There are 2 protein chains.
Amino acid sequence: MLITLDLFSEVPIYQQIRDRVVEAVADGVLREGSQLPSTRQLGVDLGINFHTVNKAYDLLRTEGVILVNRKSGAIVRRDASSGPPEPEYADEWQSRLRTLLAEAVVQGLPPSEVTARSNALLGSFTSAS
Amino acid sequence: MLITLDLFSEVPIYQQIRDRVVEAVADGVLREGSQLPSTRQLGVDLGINFHTVNKAYDLLRTEGVILVNRKSGAIVRRDASSGPPEPEYADEWQSRLRTLLAEAVVQGLPPSEVTARSNALLGSFTSAS
DNA sequence: CCAGCTGTTATAGCAATACTATAACAGCTA
DNA sequence: TAGCTGTTATAGTATTGCTATAACAGCTGG
């Protein structure tokens, strides 16, 4: 798990951390039970305040991706194999996908290429498990 | 073109307007040359300040989706048929797709269903043209 | 037991963002 | 001329993102 930040991005730092962790779990680099660095440690590593890391972890906990104890620290809770999501989640997620796909199509990306890229990404997930 | 806002959403209003317009173009509801309402008119219709609409239009113009003249107002410039995007755009877009797909997989949405939903959405675009 | 780590909470400050509001100017059009 | 349009400026408010400092509680290794 190596996280690289883009401090010039418009995407908030805590969101970038959250995104990288989610991707790492999808990739299988992080699995159920995997230990994440402490907020203070990761803050030092990334050169940012530990409160910002805390916010990212808080977001991940809210999403059910990780579990945070005073005892065990932050560990991965959710996996691709953890069971199906709430139906309401799928709907909300799909509306975000719809916006993203619409953008690509409007920008002229051929639907066939959209499908190809999507399949390539999906294939790269959890194939390392 | 009917735009509905969610004033309680965490997504900024101007972003919601931008998203709905992009989706409308992808759907074929708005085509190349289609006229968009004036910023003041849409502001009244949506019950918001016209500067917020202006910001959304500005974003759409920056993205190359619409064209804004003092003379003709805002009209759709870009279509699914307007030609291929910059290669750099495709890469940046793919990284956003990657994050979104990773999230779905982590939340337990089966990859097969992800593909199905993606194909359904793509199929709904521009099929009305 | 003590030192050092951890998570958690509180408080504060600063810069930037989102939205609203009012105003004014310029150009097109009926 | 009147009324629409886009454009620009300025300003105020609330919220967000990030940083900073501090303090407390619980776990753990010496």
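Throughout, protein chains are lettered first and strands after them, A, B, ... in sequence-line order, and every chain is numbered starting at 1. Every heavy atom of this structure was used, including side-chain atoms; hydrogens, water molecules and symmetry mates were not. Remember, predicted model here, so these are calculated numbers, not experimental data.
Within residues 11-21 of chain A, no residue approaches DNA chain C, by heavy-atom distance under 4.0 Å.
Applying the side chain to side chain donor-acceptor pair (under 3.5 Å) test to A/Asp19 and every residue at least two apart in sequence or in another chain returns A/Gln15. Take B/Arg98 and apply the salt bridge (charged side-chain N to carboxylate O under 4.0 Å, His left out) test, not counting sequence neighbours, and it matches A/Glu23, A/Asp27. For A/Arg96, the side chain to side chain donor-acceptor pair (under 3.5 Å) partners at least two apart in sequence or on another chain are A/Glu92, B/Glu103.
Distance check: A/Leu5 CG to A/Leu46 CG gives 4.5 Å after rounding to the nearest 0.5 Å.
Per the geometry, CD belonging to A/Glu10 stands 15 Å off C1' belonging to C/dA15, to the nearest Å. B/Leu5 has its CG atom 15 Å from the C1' atom of C/dT20, to the nearest Å. A straight line from NZ of B/Lys71 to P of C/dT29 spans 6 Å, rounded to a whole angstrom. Per the geometry, CD1 belonging to B/Ile48 stands 14 Å off P belonging to C/dA18, to the nearest Å. Nucleotide C/dA21 holds its C1' atom 9 Å from the CZ atom of B/Phe50, rounded to whole Å.
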Please table the atom pairs, donor to acceptor, closer than 3.5 Å between any side-chain atom in residues 104-117 of chain B and protein atoms at least two apart or in another chain.
residue: B/Gln107; atom: NE2; partner: A/Glu63; partner atom: O; Å: 3.0
residue: B/Glu113; atom: OE2; partner: B/Arg117; partner atom: NE; Å: 3.1
residue: B/Glu113; atom: OE2; partner: B/Arg117; partner atom: NH2; Å: 2.8
residue: B/Thr115; atom: OG1; partner: B/Pro111; partner atom: O; Å: 3.1
residue: B/Arg117; atom: NH1; partner: A/Gln94; partner atom: OE1; Å: 2.3

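Contact annotation for A/Asn69: backbone-only contact, meaning every heavy-atom pair under 4.0 Å involves sugar-phosphate atoms and none involves a base.
With a cutoff of under 4.0 Å to any heavy atom of chain A, the contacted region of DNA chain D is bounded 5' to 3' by D/dG17 to D/dG26.
A side-chain donor from one of B/Asn69 and B/Ser72 sits under 3.5 Å from a side-chain acceptor of the other.
Nearest-nucleotide mapping onto DNA chain D: of A/Arg70 and A/Lys55, the residue sitting toward the 5' end is A/Lys55.
Considering only heavy atoms from C-beta on, A/Phe50 stays 4.5 Å or farther from A/Val44 through its side chain. Counting heavy atoms from C-beta outward, A/Leu30 and A/Leu36 have side chains that approach closer than 4.5 Å.
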